[in-house]
S.K.: 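If you scroll down you'll find the structure; I have some questions about it.
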Amino acid sequence: DVYFPPCKRYRISAPFVFAGGKFEQKKPSIEVLPDECLFEIFRRLPGGQERSTCASVSKRWLTLVSNICRDEISDNKTPQASDLEHENADKKGGVSSEDVDSDVEGDGYLSRSLDGKKATDIRLASIAVGTASRGGLGKLFIRGSKSRHGVTTVGLRAISRGCPSLRVLSLWNLSSVGDEGLCEIANGCHQLEKLDLCHCPSITDKSLLAVAKGCPNLTDLTIEGCANIGNEGLQAIARSCPNLKSVSIKDCPLVGDQGVASLLSSASYSLTKVKLQALNITDVSLAVIGHYGKAVTDLSLTSLPNVSEKGFWVMGNGHGLQKLKSFTVTSCRGATDSGLEAVGKGCPNLKQLCLSKCPFLSDKGLSSLAKAAGSLECLQLEECHRISQFGFFCSLINCGTKLKVISFANCLGIKDLNSGLPPLSPCESLRSLSIHNCPGFGDASLFALGKLCPQLQHVELCGLHGITDAGVLPLLESCETGLLKVNLSGCVNLSDKVVQTISNLHGWTLELLNLNGCKISDASLVAIAENCQLLTDLDISKCTITDSGIAALAHFNPINLQILSVSGCSMISDKSLPSLGKLGETLLGLNLQQCKAISSRAVELLTEQLWRCDILF
């Protein structure tokens with residue numbers, strides 16, 4: 001049971017050296033002992049603290065201590081001494097030191113993270129030794145760099161031997177870590193539950209075979225940018241890890257239908273989250289998901305060029321996705337009208353739907369999808385350019401009584417209404433409306449939304465150059481329950497009248513207001529200060545605000561601002577320093593970037609005064 005590391009045995013130096021024409025006796029040093037002897041000494045030390053102290057002496061000692069496995073630690077106590085300790089502990093109603101060490105070292109609740117140049121074998125060895133006596137390492141995150149002294153098999157071997165309680169391991173951008181290192185982890189960390197491998201080109205299927213064999217409790221697997229991992233490794237995981245709950249695979253060219261199908265079919269009743277991106281899979285994989293995804297609640301499909309309309313249609317008609325609640329599709333040419341309609345019909349519990357860059361989705365398909373998905377609560381569309389104003393309002397009306405959130409972003413096909421809509425029943429359930437950078441969205445559409453959505457609490461109208469006060473005011477006046485968050489950033493044609501209406505009608509509930517780039521003046525700040533006592537986040541960047549406006553904002557307490565941004569307000573000067581100081585009593589964040597009239601000295605004084613506030617300048 002003696003450990004013999006694979007290195008050349010050190011030759012013990014003689015006790016005398018010849019110097020100055022005579023023999024001199026050398027001072028005795030433990031360093032003359034070979035590695036085998038030191039290893040035997042270290043593993044017989046009474047506790048983890050002693051081994052940790054020895055590891056601090058030199059890199060040689062650190063390497064030796066970090067190579068001691070848990071089962072190699074020797075118990076020097078005789079049976080009589082051990083029984084006596086337990087007997088004394090029982091009499092005192094406590095526990096023995098052995099029990100304490102076992103509890104402390106086995107829990108594995110500590111978390112460590114190494115980034116960039118700090119990710120080295122020496123640091124990993126230190127972590128392995130240091131955490132052993134302080135609760136045990138439970139989570140380890142390593143973000144590598146291109147440093148010559150990066151993490152290798154040596155560092156992971158130290159972790160595998162000193163941290164058997166490791167449950168979460170994340171390896172990012174580690175080109176020097178290969179199969180040997182991950183096999184060490186698999187052989188020593190049998191409690192591993194979550195494995196994250198991103199951009200580790202030297203790791204192959206051999207590593208996943210070892211993980212499947214040594215870590216049967218694996219529940220979460222993420223693989224990204226690993227060009228040498230393919231179907232064989234995923235099939236091994238599928239056979240040996242029955243508790244798998246989450247799988248995310250991205251940009252792995254060797255992964256195909258066989259690997260994905262094996263994961264879905266083997267973990268049919270446990271797998272809840274599936275994310276597939278930039279893979280060479282076909283309609284077969286989607287058919288398997290539709291049939292075996294009985295427990296899947298979250299499904300994300302991105303950039304799958306070989307998946308056609310047939311794949312989505314078969315997946316929706318497989319009747320296996322009965323528990324699906326969240327579905328995200330991005331850059332999939334197979335996401336057509338009929339394919340998505342089938343998904344809507346086959347997923348009765350679908351609550352969140354996100355469609356991005358779907359060039360073949362039209363108004364008709366969106367309307368049919370919204371009608372089929374009767375439980376839908378959140379609908380998000382981005383860069384779906386075939387969707388027009390007709391599709392927007394049809395989806396709003398057909399989604400039923402459960403829709404709470406609707407969001408459209410960068411949909412260039414949306415044009416403003418040329419004529420009014422026929423009488424429609426209002427969408428009482430909608431609470432959040434978000435329209436981002438849809439240049440065709442105008443006043444007529446907002447006027448119609450005001451009639452349809454009386455219960456809005458969250459309104460985001462960003463980058464809409466075509467809307468004016470005439471369109472926004474009816475929408476604000478129709479909100480009956482009181483707005484909590486309003487974001488009008490980039491709406492350059494809005495004036496003080498909009499802000500005054502918001503303050504008068506919704507000041508009693510308003511918590512966030514973003515007016516970045518709007519044509520507002522100090523009059524808006526006066527209205528905000530007088531009426532919005534619950535406001536915590538205010539953004540008035542790039543507005544024509546002066547020192548008088550800031551003074552008005554600070555004068556009307558009890559305003560309780562925590563975040564204030566005045567970035568790009570060129571007319572705010574050092575005169576606002578006292579007002580900003582008063583506002584700083586509650587501020588946690590202040591943005592003064594590109595405020596050219598404020599001097600560096602004023603910022604220094606403000607920083608000293610508002611020591612608890614994060615100031616950007």
Side-chain angles (χ1 to χ4, degrees), residues 456-462 464 467-469 471-573 575-593 595 598 606 610 613 615-616:
L456 286 176
Q457 296 178 350
H458 180 192
V459 174
E460 286 193 18
L461 305 173
C462 302
L464 305 183
I467 65 173
T468 64
D469 294 356
V472 176
L473 290 177
L475 177 65
L476 297 175
E477 292 169 354
S478 67
C479 297
E480 300 173 355
T481 58
L483 292 171
L484 300 176
K485 298 180 180 180
V486 178
N487 185 351
L488 302 174
S489 62
C491 297
V492 295
N493 294 317
L494 301 184
S495 67
D496 290 327
K497 190 173 182 180
V498 169
V499 181
Q500 291 168 354
T501 301
I502 293 174
S503 302
N504 293 332
L505 297 180
H506 307 286
W508 57 285
T509 57
L510 194 64
E511 298 175 358
L512 180 147
L513 181 59
N514 190 334
L515 303 169
N516 187 343
C518 297
K519 294 181 179 179
I520 65 168
S521 64
D522 294 339
S524 293
L525 292 189
V526 173
I528 292 171
E530 290 178 345
N531 299 287
C532 303
Q533 297 182 2
L534 298 180
L535 191 66
T536 59
D537 192 327
L538 177 62
D539 190 340
I540 49 176
S541 301
K542 301 177 184 177
C543 296
T544 56
I545 302 298
T546 67
D547 295 327
S548 300
I550 300 298
L553 195 63
H555 176 70
F556 287 93
N557 275 336
I559 194 168
N560 191 33
L561 274 181
Q562 296 181 7
I563 306 295
L564 175 62
S565 177
V566 294
S567 174
C569 295
S570 57
M571 289 186 286
I572 296 179
S573 66
K575 295 180 180 179
S576 293
L577 189 61
S579 300
L580 291 174
K582 186 175 181 181
L583 289 172
E585 295 175 0
T586 58
L587 282 179
L588 300 177
L590 177 61
N591 188 352
L592 299 175
Q593 290 180 317
C595 294
I598 299 180
L606 197 61
L610 308 181
C613 177
I615 300 178
L616 295 178

S.K.: Drop me the distance from Leu564's CG to Leu590's CG, to the nearest 0.5 angstrom.
M.R.: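 Answer for the CG-CG pair, Leu564 versus Leu590, is 5.5 Å.
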S.K.: Are Leu510 and Ile502 close enough that some pair of their side-chain heavy atoms sits under 4.5 Å apart?
M.R.: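 They are in contact (side-chain heavy atoms under 4.5 Å apart), so the answer is yes.
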S.K.: What pair of heavy atoms forms the shortest contact from Cys613 to Gly589, and how long is it?
M.R.: SG-N, 3.6 Å
S.K.: Is there a side chain to side chain contact (heavy atoms under 4.5 Å, CB included) between Ile550 and Val566 once you walk through the steps?
M.R.: CA-CA 10 Å; Ile550 300 298; Val566 294; 4.1 Å; yes
S.K.: What is the minimum heavy-atom distance between Leu534 and Trp508, and which atoms define it?
M.R.: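 Result for this residue pair: CD1-O, 3.1 Å.
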S.K.: Please identify each residue that fulfils side chain to side chain contact (heavy atoms under 4.5 Å, CB included) with Thr468, with sequence neighbours left out.
M.R.: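 Per chain and number, Thr468 pairs via side chain to side chain contact (heavy atoms under 4.5 Å, CB included) with Asp443, Ala470, Asn493.
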S.K.: Would a 4.5 Å heavy-atom cut-off, applied to side chains only, mark Leu475 and Leu456 as touching?
M.R.: yes
S.K.: Test side chain to side chain contact (heavy atoms under 4.5 Å, CB included) on Asn516 and Ile540 and set out the steps.
M.R.: CA-CA 5 Å; Asn516 187 343; Ile540 49 176; over 6 Å; no
S.K.: Closest heavy-atom contact between Leu587 and Ile563?
M.R.: CD2-N, 3.9 Å
S.K.: I'd like to know if the side chain of His506 and the backbone of Val486 have a donor-acceptor N/O pair within less than 3.5 Å.
M.R.: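 Judged by distance alone, no pair lies under 3.5 Å.
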S.K.: Donor-acceptor check, side chain of Ser503 to backbone of Val499, threshold 3.5 angstrom: yes or no?
M.R.: yes
S.K.: Quick one, Leu488 and Asn514 - any side-chain contact, counting heavy atoms below 4.5 Å?
M.R.: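 No. Closest side-chain heavy atoms not under 4.5 Å.
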S.K.: Check the pair Thr544, Ile520 against side chain to side chain contact (heavy atoms under 4.5 Å, CB included), reporting the backbone distance first and the verdict last.
M.R.: CA-CA 6 Å; Thr544 56; Ile520 65 168; 5.8 Å; no
S.K.: Can you list everything that forms a side chain to side chain contact (heavy atoms under 4.5 Å, CB included) with Ser573? Sequence neighbours excluded, please.
M.R.: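 In terms of side chain to side chain contact (heavy atoms under 4.5 Å, CB included), with neighbours along the sequence ignored, Ser573 is linked to Asp547, Lys575, Ala597.
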S.K.: Listing request: all side chain to side chain donor-acceptor pair (under 3.5 Å) pairs with a residue in residues 518-527, at least two apart in sequence or in separate chains.
M.R.: Asp496-Ser521, Asp496-Ser524, Asp522-Thr546
S.K.: Which atom pair, heavy atoms only, marks the closest approach of Cys543 to Gly517?
M.R.: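 Where Cys543 meets Gly517 most closely, the heavy atoms are SG-N, 4.1 Å.
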S.K.: Give a yes or no on whether the backbone of Ser489 and the side-chain of Asn487 come within a donor-acceptor separation of less than 3.5 Å.
M.R.: yes
S.K.: Enter the distance from Leu577:CG to Lys582:NZ here, rounded to the nearest 0.5 Å.
M.R.: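 Leu577 CG to Lys582 NZ: 14.5 Å, rounded to 0.5 Å.
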S.K.: How many angstroms lie between NZ in Lys542 and OG in Ser565, if you round to the nearest 0.5 Å?
M.R.: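 Lys542 atom NZ to Ser565 atom OG measures 9.5 Å (nearest 0.5 Å).
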S.K.: Would you compute the distance between atom CG of Asn560 and atom CD of Glu511 and round it to the nearest 0.5 angstrom?
M.R.: 11.0 Å
S.K.: How close do Ile467 and Val472 get, counting heavy atoms only, and between which atoms?
M.R.: CD1-CG2, 3.9 Å
S.K.: State the NE2-CG distance between His458 and Leu512, to the nearest 0.5 angstrom.
M.R.: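 Atom-to-atom, His458:NE2 and Leu512:CG are 7.0 Å apart.
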S.K.: What are the two closest heavy atoms between Leu535 and Leu513, and how far apart are they?
M.R.: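 Heavy-atom minimum between the residues: CD1-N, 3.8 Å.
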S.K.: Answer yes or no: is there a donor N or O on one side and an acceptor on the other, between the side chain of Asp469 and the main chain of Ser495, under 3.5 Å?
M.R.: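 Yes.
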S.K.: Would Leu483 and Val459 satisfy side chain to side chain contact (heavy atoms under 4.5 Å, CB included), going step by step from the backbone distance to the final call?
M.R.: CA-CA 8 Å; Leu483 292 171; Val459 174; 3.8 Å; yes
S.K.: Measure the CG-CD distance between Leu583 and Glu585 for me, rounded to the nearest 0.5 Å.
M.R.: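 One finds 8.5 Å between CG of Leu583 and CD of Glu585.
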S.K.: Heavy atoms, side chains only, cut-off 4.5 Å: are Leu592 and Leu580 in contact?
M.R.: yes
